[in-house]
Structure formats: C-alpha cells, structure tokens
Amino acid sequence: MSFDAAYQSKTFNSVGTRPLRPDGVDKVTGRARYGADFNMPGQLVARVLRSPHAHARIRGIDTSKAEAVKGVKAIVTAADLPDLTNGNADLFAILDNCMARDKAMYDGHAVAAVAAIDEKAAKQALKLIEVDYEVLPHVVDVDAAMQTDAPVLNETVFTTGIEPAPTSPSNVTNRAEFGHGDVDAGFAKADVIVERSYKTEQTHQGYIEPHACVANCNTDGTADLWVCTQGHFVYRQNCADLLGLEVSKLRVTSSEIGGGFGGKTHVWAEPVALALSRKAGRPVKLIMSREEVFRASGPTSATSIDVKIGARKDGRITAASATLRYSSGPYPGMWAELGAMTSFACYDLDNVQTVGFEVLVNRPKVAAYRAPSAPMAAFAVESAVDELAHTLGIDAVDLRVKNAAKEGTKSSYGPVYGPIGIGPTLQAAKSHPHMSAPLGKNQGRGMACGFWFNFGGQTCTDLNINADGTVTLAVGTVDVGGSRASLSLIAAEELGIAYDDVKAVVADTATLGYNDMTDGSRGTFSSSMATISAARNAIKVMCKRAALTWDIPLEDVYWEDGHAHAAGTKHGNRAPLSVKELAAEAGNTGGPIAGHSELVADGAGVSFATHICDIEVDPETGSSRVVRYTVIQDAGKAVHPSYVEGQYQGGAAQGIGWALNEEYVYGADGRLQNPGFLDYRIPVCSDLPMIDTQILEIPNPNHPYGVRGVGETSIVPPLAAIANAVSNAVGVRMSHIPISPPRILAALDGNG
Amino acid sequence: MVDVTLWAGLRPLADDQKTLRIEATTIRELLRKLEAQYPALAGPIRNQIAVVVDGVIYRDDWSATIPEGAEVFLMRRLAGG
C-alpha cells in the first residue's frame, strides 16, 4: 500500500464537530429513496412461493396452471438458476438459499417465484403452483440437532476439525478450538470455580426496511439492479456469479438503507428478481414482506454455551474454558468459531481453552449480525465473571481490571495484543457516576465488557473539485449510519474548506472501482482513509496548478490551511490561492482537478467496550424495565461525535431487545410462530431510557487521524450487562436469553 | 525467519504442523512460500485467510511487511456485520 496510513497527531478544525447530515432532510421528509421507492416503465411485480415445511424433499413442481393466469409473465424455480458455483460451497449455500433445489430446508425457504403485471395476478399464480413435497423429519434446536438420533439435514456433511475423521454424517459441520496453557493445571490452582450452562435464542437483525430491489435484464446482456444493500459491489459479484453475467455488464445502484446490521451482506432475492426479469424481458420489482423477512432472511445463531472459570481468592483467574454450540441454519457457517475466538478476548489468561461447534438446523440461513457471534459468547462469559465476583466478594469492575488484557497479553484466540483499550474503558466505568448512583427498590445493576475485531478492506474513492470550488466526494461504501457526513468532514479537514462545500455521494458500481461492503465496522474507517488519500492527491494537483499560475517551480509551492502558498519571499509575497481560485482557473491550467484513491485499509485494530445497566423488575409480573444505561467505548477519533454516539446507542438498544424480548418461536411442526413485529418485539423509544455514552479517544496507530470502527462492539456487552443487572435485582442467576417475564417469574419461583 | 502459527483447520493441510518456520519479509512472500511448500494450502490462502502480524490483523494487504522475529498467525477470514 503506497498510502502512509500511520497516525499523525494534529489539531482538527472540521473533524470532531457535529454538523447536520446531508441525507437528513430527505429522510425526515420522506423524500429519501429506499429499495422499494424506485420504479421503471413496464415494471412487473414479483412474489415468492415459500415452503410451509421445515424440511421436505421437493419431488416436483408444476407451474403450468400458474403460467396460464392472465398477466403472469414469468415463473422461475431452481431450474432457472442452474448451479454455476463451480464447487464454491459458500456461494452454493447462497444460491440454494435463494431458491431451494432438491430440498426445502426451513419454513419459508423459497421454492418458486412469479412475475406478473400486478400483485393480484402474482398472488393468484402462487396459489396455482403445485409443489410435490415429501415431508422429512426436522430439528430446530441446536442441542437437539447434535444428538445422535437427530434427523440429519445433509448426508454429505462430516464434521471437520476432529480426529479421527468421522465416518458417518451429522449436523455438526465443524469443531474449532482455541487457547493456550494447561486448563486442567490452572483449575487445580483455583480456590474457587464457577461453572454454568447458558442458552440464547435466535434473533433477527430487525432492520426496519425489508429487502427490496428492482432488476432489469436487457436483451444485449446488460442488466441493472437497484437495491437496498450494505454492499452493492458485493451484490454485483454475487449476482454475476450466480447468473453467469459479466461483472461489467451488471450495474448495481444502492438505495438508501433502512438498516442492515449484517443482514444485507449477501444476496437473498436479488438473483431471483434478475432471473425473472431475464425470463420476462421486463423490469421486475421484488419486495419481501415483513413475514418473509423473518421467515427467510438474516437471523443470528441460537446458542448453547458451557463456561467454567477458576480463580484464586485474590481474584486472579487461573483457568477458563468454554464450549460453544451455535446454530447456522441449514448451511455450514463459522459462527461458533467466532464465538470461540471472542469469548475470553477481554482477559489476560495463562490457561484458556474454547471449543466451538457449528450446528445445522432447519431454520433460516444465519447471517452476520453486528459483531457476529460475540454477544452470545460475551453473555455467557461475562455472566460467569459476574458470578465469580459475587462468589469471591470482589467488586465486578475490580475483578475485571485485575484480569483485563493489555498490551503484550497473549489473546485467547492466539496473537499477542498491541496497544488496546479495555483497561481505559474499565477505568472510565469505575469512575463513572453511574456506578455509584443509588439503586431503587427491585432494581439491580450490572456491567459487562465486550470485544470485537473490526476490519477494513478494499476501498476506492474519487474526489472532484468543481468549477466553483465545491467538492464532490464519490465513495463506494454504503452509508448506514451517517458516514457521508463523516467523510465530508474528513474531506473538508484535509482540503481546508467548509463542510458545507463538500457533497458526498455513494457511487454506483459502474462509476467507481470495487469496494468491499459496509461491514466489520469498516465504513468510516476505510473510506475516511481513502478520502484522505484522494484529498492529498487533489492537493498535489492543485499545487501544480498554482505553480503554473504563478510560473514558479513546483517545489516552491506548499499547501497550508486550504491554500497553495509560494514558499519564502523570493516570489514576491504572492497572495495564497484558495481552492475556489484554483478551481476557477482549472480550465486553463490543465483541466478538471480531481483526486483518486484506491487502497486496502487494513490495521483497523481490535475494539473493546464496557457497559453499565440498571434494571427494575416487577416481581409480580416478571416484567423488567431498563432505567439507566451507559456505554463506554474507544472510538480512536470520533469524526462526527453525534453519529459515534448513535452507533453506541443503537448497538445498546438492539442488545437490550435481544436480552429481554426478542426470540424466534417455533412450533412442534417446525414453523415459525411469530414472524411479525407484534409478536417479535423489538424495543421502541418508549421502552428505553436515554442511553448515555462516553467516547474515549485512544488513537488507532494505523489510521492518519487515529480513527477506529465503532459500529459493532456496542452490541457485544448488553446481553451480559442486562443479565447481570436482572440477576442482581432478583437474586437468581439468569442464564437463558431472552430474559422475558415468564423466565423471570420461573426464576423467582425457583424453576429458572 | 518468522514462526507462523496455523489455525487448527489448516494443520492437516501442512503435515499436521502447528507452527512453521518461514523466511519472509512480506505477507505476500510468506503466503507464496507456504503455498509452494504445502500446495494443499492454496485453496484456503485464496479464499479464507487473514494474517495477523504482531497483533494487527491483515485481511487484504499482502504487501505489509513482517519484521524479523514477528509473531505471525494465520486466521480464518472474519465475517462482520
């Protein structure tokens, strides 16, 4: 990488301020265009037929009656999406998830789709598609799926990661182990050992905007896709691979996005919409209903986790171990592996072992959800650490401080840490007024720590200086949380111009080089690095233009405070040239002024957070209410502090919902019982207090401004913080998420 | 020379070794030599890998330098939300 990304301490003018976001007015006035807000002439309406069975062999599909419905223009099944994945198992899983092939693997699995001139005709046609199912035994529970008598979802799956290799198939796709030292010897040195099993139920990312797209395949082999996504370049690649299109002939434009949180990181319905358009010869709009979103997209894993921690009387942990079982839906994943890697990452341990098992179940294909897999692992481990603190009679924060990872600690997942921020978040928690505020009747306080990796990735950015000196910044990372504002601040900072003079847009796939998607907390981290690089390249051009204008050598020109300056007095004390002045003369000094950047933004740095939570429990009904919540997290440098706070608050809010209410409920028939927001209850504003935030700024050494990703870590501690708070309020250890009123009442009755 | 630790899933592809000693000054050189020595690693190196050098995770920047004596881990490429 030619760009020097090393941190350079500086005083900021724009970065760190809180201007309004450029997309704000459109969003609050309803003018912003989301996935469903785009239309094309002659557009058809698509609807998807989904399996009512949790597990069934598809013996045949007869579409003849449906095709005869007036207004139906195309019907597709798996036969219209042939397997072009060339042995790529991950891509095949995406293909099979888009449209079931030999078997329907879960309630809601797509089996056919219709494009018609209106919704009425499409729905009528769906009813006339005849699918011949052979219903098979199913399993939806992660522990039940691991039993030897469980129905096997995929006869070709043999557990990897164990020796000797198994000779019979099972639902366990992989075993992954991490750790170091000797845990048996460590436990032998312990004065106290806590040991407990935990469960978390499956949740959905709960994005407010359902998946939606408009696809248009032309007769010349070109195609367009307008879509709500976290990564339009990745969607372009997915769709091109699955449909056999040339990448350059598929142009993907990302709409505004009403939430994704990991659930919009690979395709779901988009290849189906393209296949329908290709067959019908007309544009096709496909919108998933909320019920479809729940039944057939996104959820996180359900988990079952055993934790054991031993410590001396002084609080020093001597050994820790965990066995983590994560469901992945009907296709292999790496979710338990991520849980095993992150579970003890907050701690400095001499002896630690974690083992993760990936488990197939007849539920929707699991997708990433904000720091995927870490919240469940943190729930189990941080609950055990809290129990250990109680057992030892040591303050919960002090116990964590005593055992916290630091620079030079060998992490539980292997590498030795460089400079890390868990210590400062714990110290901030220790001194925060929240920790010492009095509690009311039936209230309990809990705290917990969380860890996430963060990453960067491939990034491409264009910065154009317009004739009037304003700047257009074209980025390729979808703006999910205010990044256009943050990136405009970065460009303004680097060029020395006003924030209002920068307009950031998310460019489509035909007008900018490839960008990885907005995931891994990378959007602002990566695109800010590329924006700084592009701005510096534009400054180089402007210095050349100033040299031409002044007719002096380039080496006598330097850039400072948004102006080109002639060095020294030998050039007659020339007045500096501003961006506007240089832009106005651009046509006569070489043409348009622009800066481009393509880079790989690695070095994101791992991230830590500490959360504090007060809960009030009604012992009569088991209902609970969050009365106070504080998030403390390192941002490296908060480019736009309001949107950093928004990320902290959003992660906490989602974690609160996960901890207290959200849960996929399946019937004995393997069908999802609550695919809607009335029965699957996410927190609304009236459920939550103002979530307080404290931003720490410990510069990331691998970013010019010290920026770290902030989007994901804030969802890691809440499950544990809330569980600890409720446990402290009711005096019973809560070990099953969500901690819903019935579970609290059962715990109070001694049946928890 | 650097000692490279493989994640458990890679070890069967490298004669069941947990740690390999390789002469390399960049990630690209390291991966090229690993692949030459253990051709079965080619697939994971193409699709699944992240390299940790002294605690910093590199998913894509194979030009990153590896200091003499650095701690190097091969990890699975992470998913994010």
Side-chain angles (χ1 to χ4, degrees), chain A residues 1-2 88 90 160-161 163 174-178 205 230 260-263 265 300 333-335 337-338 341 367-373 407 411 413-420 452-458 516-517 519-522 599-606 701-702 709 711-712 715, chain B residues 2-20 22 25-31 34 40-81:
Chain A
M1 185 166 62
S2 58
N88 182 329
D90 292 339
T160 53
E163 294 291 339
N174 186 51
R175 177 189 184 278
E177 181 176 334
F178 298 88
Q205 294 86 345
Q230 287 177 245
F261 314 112
T265 52
T300 188
M334 64 173 300
W335 310 115
E337 187 167 348
L338 287 173
M341 293 171 83
Y369 182 12
R370 213 168 185 164
S373 302
E407 185 170 359
S411 69
Y413 59 91
V416 172
Y417 287 126
I420 56 172
W452 182 243
F453 294 101
N454 290 349
F455 51 75
Q458 298 182 63
D516 283 335
M517 57 198 160
D519 69 340
S521 302
R522 81 171 214 97
L599 51 77
V600 167
D602 265 328
V606 296
N702 301 310
E712 294 177 288
I715 203 172
Chain B
V2 290
D3 290 329
V4 184
T5 304
L6 310 184
W7 88 76
L10 285 186
R11 292 170 198 165
L13 308 178
D15 296 343
D16 290 323
Q17 296 178 88
K18 180 180 178 183
T19 304
L20 305 170
I22 304 283
T25 56
T26 67
I27 291 175
R28 182 173 291 103
E29 184 183 4
L30 170 75
L31 297 179
L34 274 175
L41 289 174
I45 286 173
R46 290 282 175 277
N47 303 315
Q48 300 177 7
I49 217 158
V51 183
V52 189
V53 180
D54 287 337
V56 178
I57 300 170
Y58 294 90
R59 296 203 325 159
D60 299 296
D61 185 8
W62 289 5
S63 299
T65 55
I66 303 175
E68 179 67 26
E71 183 205 52
V72 179
F73 272 78
L74 299 193
M75 273 181 15
R76 279 189 67 175
R77 194 175 169 86
L78 303 166

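When reading the values below, keep in mind they use all heavy atoms of this one structure, side chains included, and skip hydrogens, waters and symmetry mates. Each chain gets a letter, A, B and so on, in the order the sequences are listed, and its residues count up from 1.
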Looking only at heavy atoms, the pair that brings A:M334 and B:R77 closest together is SD-O, 3.4 Å

Select, from A:G263, A:A368, A:P415, the one with the greatest count of heavy-atom pairs under 4.5 Å involving chain B.
-> A:P415

Cut-off 4.5 Å, heavy atoms of chain B, and the answer for A:Q230 is side chain

Would you mind telling me which of A:G418, A:A367, A:G414 has the largest number of heavy-atom pairs within less than 4.5 Å of chain B?
-> A:G414

Contacting region of B:Y58 [heavy-atom separation from chain A under 4.5 Å] = both

Side-chain (A:E712) to main-chain (B:G81) donor-acceptor, under 3.5 angstrom | yes

Got a second to check how far A:R522's CZ is from B:R59's CZ, nearest 0.5 Å?
-> 8.0 Å

Looking only at A:E337, A:R370, A:E177, most heavy-atom pairs under 4.5 Å shared with chain B are made by A:E337

Minimum heavy-atom separation for A:W452 to B:A79, with atom names?
-> CZ2-O, 3.3 Å

Which atoms form the tightest heavy-atom contact between A:N174 and B:R76, and what is the distance?
-> ND2-NH1, 4.4 Å

Chain A heavy atoms under 4.5 Å from B:D60: which part of the residue, side chain, backbone, both or neither?
-> both

With a 4.5 angstrom heavy-atom cut-off, could you sort out which part of A:N702 is near chain B: side chain, backbone, both or neither?
-> side chain

Chain B contact via A:N88 - side chain, backbone, both or neither, heavy atoms under 4.5 Å | neither

Are A:M341 and B:M75 close enough that some pair of their side-chain heavy atoms sits under 4.5 Å apart?
-> yes

Please check if the side chain of B:D61 supplies one atom and the backbone of A:D602 the other of a donor-acceptor pair under 3.5 Å.
-> no

Roughly how far apart are B:L78 CG and A:Y413 OH, rounded to 0.5 Å?
-> 8.5 Å

